[in-house]
Each structure stands twice: as structure tokens, then as C-alpha cells.
Amino acid sequence: MFQHLEPYAGDPILSLNEAFQKDPRGDKVNLSIGIYFDNDGRIPVLQCVRDAEAKMLAEGGAKPYLPIEGAGAMRTAVQHLLFGTEHPAVKAGRITTLQTVGSSGGLKVGADFIKRWLPGSGVWISDPSWDNHRAMFEGSGVAVQTYPYYDAATGGVRFDAMREAIDKLPPRSVVLLHACCHNPTGVDLSPAQWRELVPLLRQRELLPYLDLAYQGYGDGIAEDAYAVRLLADSGLTFFVANSFSKSMSVYGERAGALSVVCSDAAEAELVLGQLKATVRRNYSSPAIHAAGIVSRVLGEAGLRTAWEADVAAMRARILAMRSSLHATLTAKKPGRDFGYFLSQRGMFSYTGLSAAQVDRLREEFGVYLIRSGRICVAGLNTGNVERTANAMAAVIA
């Protein structure tokens, strides 16, 4: 029956992580997978999450199916987090929000919705982008193309080329944008560039689709929602998928959401109905435990304060690792500019290393990163950052 199937090559990042686990070297370093590790190389369990779960266990009770759209308390908390409690779009009911199976689930539900209700619309993603962006939209039958983004020569954004490409897109095209902490480059649009981009999106009648998986890891929780709130202020219709995997360190709980900002409350109700239909024929309803964690952490003052402090500490540790990596590389290679490690934001950075250099790092030094040269800065710590920098310096010509 299934002998005609093609073998699955495996996800390149997850496969690399599996190879790392099998590597017997005691001083190996994993900078491949997008997970935040603490200074001891462990995935932290935040105290605010422990406290939220303790309250859930103390309350006990049955565990019924959640509604298709998810828990009301979580959905409200997500809207307030992304847009602010007093935003006119929130008060007017112009935003519809689903609890989803991680932000990946939100992206896929949105992709299925676009295929069904905007069947002529293609999706444009940044060059480069997270590999699964292409896979999910193509998996829904949506054509995917790219717009210019990363400038390898400067370590910045090719904003003029990006703007020129977007200005030529057909109306109702979907433009996937990273709200902050661009994956895989760590290079973000500036507030001024966002302000310049929004009128163009409106003029060309385009549909922005924002991915916000790392809120709080860039410049701050509110600061990292700048693009989301700017688009909402503009009156544009758009999607935003967000995740709590990193910010609450709850990867396996698959805690995410999909929000759609509409022109009015009536349209938002129509969108919610069809999103529910999409979910029903997919995974039917989301997880009750994830909803309880997120709604309590965001909704209870003491837990919210503790969470914000935790996110600030994680962000500060990532920035410290960027500084240490930059300092050591600069000392080892004084004629080379590594300033991009300081200007890029979030968990990821593009190192500029070639695939051959990445292979040398893995084979000779036990330092694992994906072949594009992207590193997960959160995999560095005070015990391995100098060794990693020395290894990188050794393979740089």
C-alpha cells in the first residue's frame, strides 16, 4: 500500500539536534535549535509558571474540551498583551483571536483560511525566512515567493529593495513579516522603516501576516509589539500569530494564538466563524493546560510582574552573550567587523560563515549550528562562549 512513498529527509534543524545528542564529546556546544537555555545549559522552568500550575492543580476539577476557538480568558489576555487593553480596535471588537497549537498552529490555520477565502492570493516571505514558513503555506496549497530582506554585505536590511519588491505585488497578496527578532537573521526593521512600510501596504491593498514568536527577547515586551500596534493603529486588516514557547519557556505545551484585525466587529465575527470551521476540520480544539498557564500568568498581577522580570533577565543574558562573543572575536580577528552581533536582536544571529566553515565547526570543534550560518545565541553561556568564539575565529579565513 505504501511502498511508493518517498523517504522523509527530516527537518534539518531537528536532525542536527539529534546528531548533537549522539556526539560523545563532553565540550560540545549546541547553537542549532531555537530554544532558550539558561547559563547552566538547561531549559528554565519559570517560577511564575510553576505557581500558575500549582493553582490549577489545587483547583482540580474536570478537564472538558475547550471551545474550538480556545479559552476565553487566554484569548482576552492575548489581545491585551499584543494590542494593549485600551486599544480602540480591542474596544470596538474588531479583533478576533484563537488559541492555537503554538504559533505554528496559528500560522497553519491562517494559511488554510487564506487558501479557502483568498484563493488567488500568494504569500511573500523574507529572503531568508524560517524554513517552516514556506512549508506550511505550500502545504496549504498557497504559492510562496520571496522579497529581498537580508544584506550579507552590511549585516542589515535591504530595505529599499524590500520596499521596491512589495510595491510591485498584486493586490490582496499576503506579506509575511517578522514583528521582531527576525528568524533566522536577528535583523529587524527599525520603527522608522515600519512607519514607511505601513502606508505602502495600505496603498497596494496587501494583507500583512505577522509572526511574533519571540516577544520580549528583542527590546522589551511592549517594545517588541511595536509593529503589531502600528498596523492596528493604521486601520489595516492583518493577521498576527504569536507564541509563548520562548517567553514562558513552555515549548511542549504548544501555547500560541492567532489574531486577525478586521475592519469592524461584524467582519471579525465572520472571520472567527470560518477560523473555527478551519480548526474543527484540523485538530478540533486546543489544549486546556496551555490555556490555564497563559491566562493566569498574564491575568494575575503578581504572576505577570514575575513573568516580566523573567523575560527581562532572559533578554539581558542573551545580550551579554552577544557582547562576549563580539569581544572575543574582535580580539582574535582585529581587522574584521563583528558589530552585527550587537545590532541584531533576539535569539538568532547570522554569522556570515559558509556551509563549509559550519561543517568544520561541527566536525573539528563540536560546535553545532545550521549550515546557513545561523546561531542560536541563547545556546551560549559563560562556560562555552569563549571556546565557541575561538572555534569560530579558527575557521574564519
Side-chain angles (χ1 to χ4, degrees), residues 9-43 127-132 149-156 181-187 214 217 246 317-397:
D11 180 271
I13 297 176
L14 298 182
S15 297
L16 190 63
N17 191 57
E18 291 172 4
F20 173 83
Q21 300 300 333
K22 296 175 182 177
D23 191 324
R25 286 173 286 189
D27 58 353
K28 60 187 177 180
V29 182
N30 189 359
L31 305 179
S32 60
I33 194 164
I35 291 178
Y36 176 87
F37 296 96
D38 63 20
N39 196 54
D40 295 319
R42 298 175 299 194
I43 300 174
D127 179 20
S129 191
W130 180 44
D131 289 343
N132 218 24
Y149 190 80
Y150 180 67
D151 188 339
T154 66
C181 305
H182 184 274
N183 182 5
T185 69
V187 180
Y214 307 98
Y217 277 26
K246 280 76 178 177
R317 200 188 80 75
I318 290 173
L319 289 171
M321 291 303 99
R322 287 184 175 278
S323 296
S324 294
L325 186 63
H326 172 264
T328 304
L329 281 170
T330 300
K332 288 285 184 178
K333 297 285 183 177
R336 190 157 177 151
D337 182 12
F338 296 99
Y340 51 86
F341 284 120
L342 302 179
S343 61
Q344 293 168 359
R345 284 290 177 265
M347 291 177 64
F348 303 113
S349 276
Y350 251 25
T351 61
L353 296 176
S354 68
Q357 290 170 325
V358 169
D359 290 343
R360 278 194 64 197
L361 278 177
R362 182 183 67 256
E363 294 165 5
E364 296 180 27
F365 301 96
V367 176
Y368 284 70
L369 51 150
I370 62 176
R371 300 189 84 229
S372 66
R374 187 202 80 173
I375 64 169
C376 179
V377 184
L380 296 171
N381 56 56
T382 53
N384 67 23
V385 64
E386 185 172 359
R387 179 179 177 277
T388 298
N390 288 336
M392 289 174 64
V395 304
I396 294 173

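Any value given below was found using the heavy atoms of this structure, including those in side chains, with hydrogens, waters and symmetry copies removed.
Among residues two or more places apart in sequence or in another chain, the salt bridge (charged side-chain N to carboxylate O under 4.0 Å, His left out) test is passed with Asp359 by Arg362, Arg371. Scored by the side chain to side chain donor-acceptor pair (under 3.5 Å) test, Ser354 finds Gln357 as partners (sequence neighbours excluded). For Phe348, the ring-ring contact (aromatic ring centres under 6.0 Å, His included) partners are Tyr214, not counting sequence neighbours. Every residue meeting the ring-ring contact (aromatic ring centres under 6.0 Å, His included) condition with Tyr350, not counting sequence neighbours, appears here in chain and number order: Tyr150. Listed by chain and residue number, Glu364 satisfy the salt bridge (charged side-chain N to carboxylate O under 4.0 Å, His left out) test with Arg360 (two or more places apart in sequence, or in another chain).
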Start with the C-alpha distance between Asn381 and Asp40, add both sets of side-chain angles, then the distance that settles side chain to side chain contact (heavy atoms under 4.5 Å, CB included), and finish with yes or no.
CA-CA 7 Å; Asn381 56 56; Asp40 295 319; over 6 Å; no

Test Asp27 against Arg25 for salt bridge (Lys or Arg N to Asp or Glu O under 4.0 Å), laying out the working first.
CA-CA 6 Å; Asp27 58 353; Arg25 286 173 286 189; 5.6 Å; no

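Taking both residues in full, the closest heavy atoms of Leu16 and Leu369 are given as CD2-O, 3.4 Å, listed atom of the first, atom of the second, then distance. Residue Phe341 comes nearest to His326 through the heavy atom pair CB-CB, 4.4 Å, listed as atom of the first residue, atom of the second, then distance. Residues Gly379 and Leu31 come closest through the heavy atom pair C-CD2, 3.6 Å. Across every non-hydrogen atom of Pro184 and Pro128, the tightest pair is CG-CG, 3.9 Å. Of all heavy-atom pairs between Tyr149 and Val187, the closest is OH-O, 2.5 Å.
Listed by first then second residue, pairs satisfying ring-ring contact (aromatic ring centres under 6.0 Å, His included) with a partner in residues 373-397 number zero, not counting sequence neighbours. Among pairs with a residue in residues 371-397, none fulfils ring-ring contact (aromatic ring centres under 6.0 Å, His included), at least two apart in sequence or across chains. Sorted by first and then second residue, the ring-ring contact (aromatic ring centres under 6.0 Å, His included) pairs involving residues 359-380 (not counting sequence neighbours) are Phe20-Tyr368. For residues 369-396, no pair satisfies ring-ring contact (aromatic ring centres under 6.0 Å, His included), with sequence neighbours left out. Sorted by first and then second residue, the salt bridge (charged side-chain N to carboxylate O under 4.0 Å, His left out) pairs with a member in residues 326-351 read Asp219-Arg345; sequence neighbours excluded. Judged as a side chain to side chain donor-acceptor pair (under 3.5 Å), the pairs with a partner in residues 13-22 (not counting sequence neighbours) are, in order, Asn17-Asn30.
Side-chain N or O atoms of Arg322 include none that pairs as donor or acceptor with a backbone N or O of Arg317 at under 3.5 Å. Between the Ser349 side chain and the Thr351 main chain, no donor and acceptor come within less than 3.5 Å of each other. In this structure a side-chain-to-backbone donor-acceptor pair under 3.5 Å is missing from Asp151 to Gly155. Side chain of Lys28 to main chain of Val367: no donor-acceptor pair is present (N/O by atom type, distance under 3.5 Å, no hydrogens or angles). Distance alone, capped at 3.5 Å, places no donor-acceptor pair between the Arg374 side chain and the Gly186 backbone. Of the possible donor and acceptor atoms, none in the side chain of Tyr340 sits under 3.5 Å from a partner among the backbone N and O of Gly352.
Taking 4.5 Å as the limit, some side-chain heavy atom of Leu380 sits within range of a side-chain heavy atom of Leu325. Contact annotation: the side chain of Asn183 never approaches that of Met347 to less than 4.5 Å [non-hydrogen atoms, C-beta and beyond]. You'll find the side chain of Cys376 stays beyond 4.5 Å of the side chain of Ile33, heavy atoms only.
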Distance-only donor-acceptor pairs under 3.5 Å for side chains of residues 388-397, two or more places apart:
from: Thr388; atom 1: OG1; to: Asn384; atom 2: O; distance (Å): 2.8
from: Asn390; atom 1: ND2; to: Glu386; atom 2: O; distance (Å): 3.3

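Between the SG atom in Cys181 and the CD atom in Gln344 there is a gap of 11.0 Å [rounded to 0.5 Å]. Note that CD1 of Ile318 is 5.5 Å distant from OH of Tyr217, once rounded to the nearest 0.5 Å.
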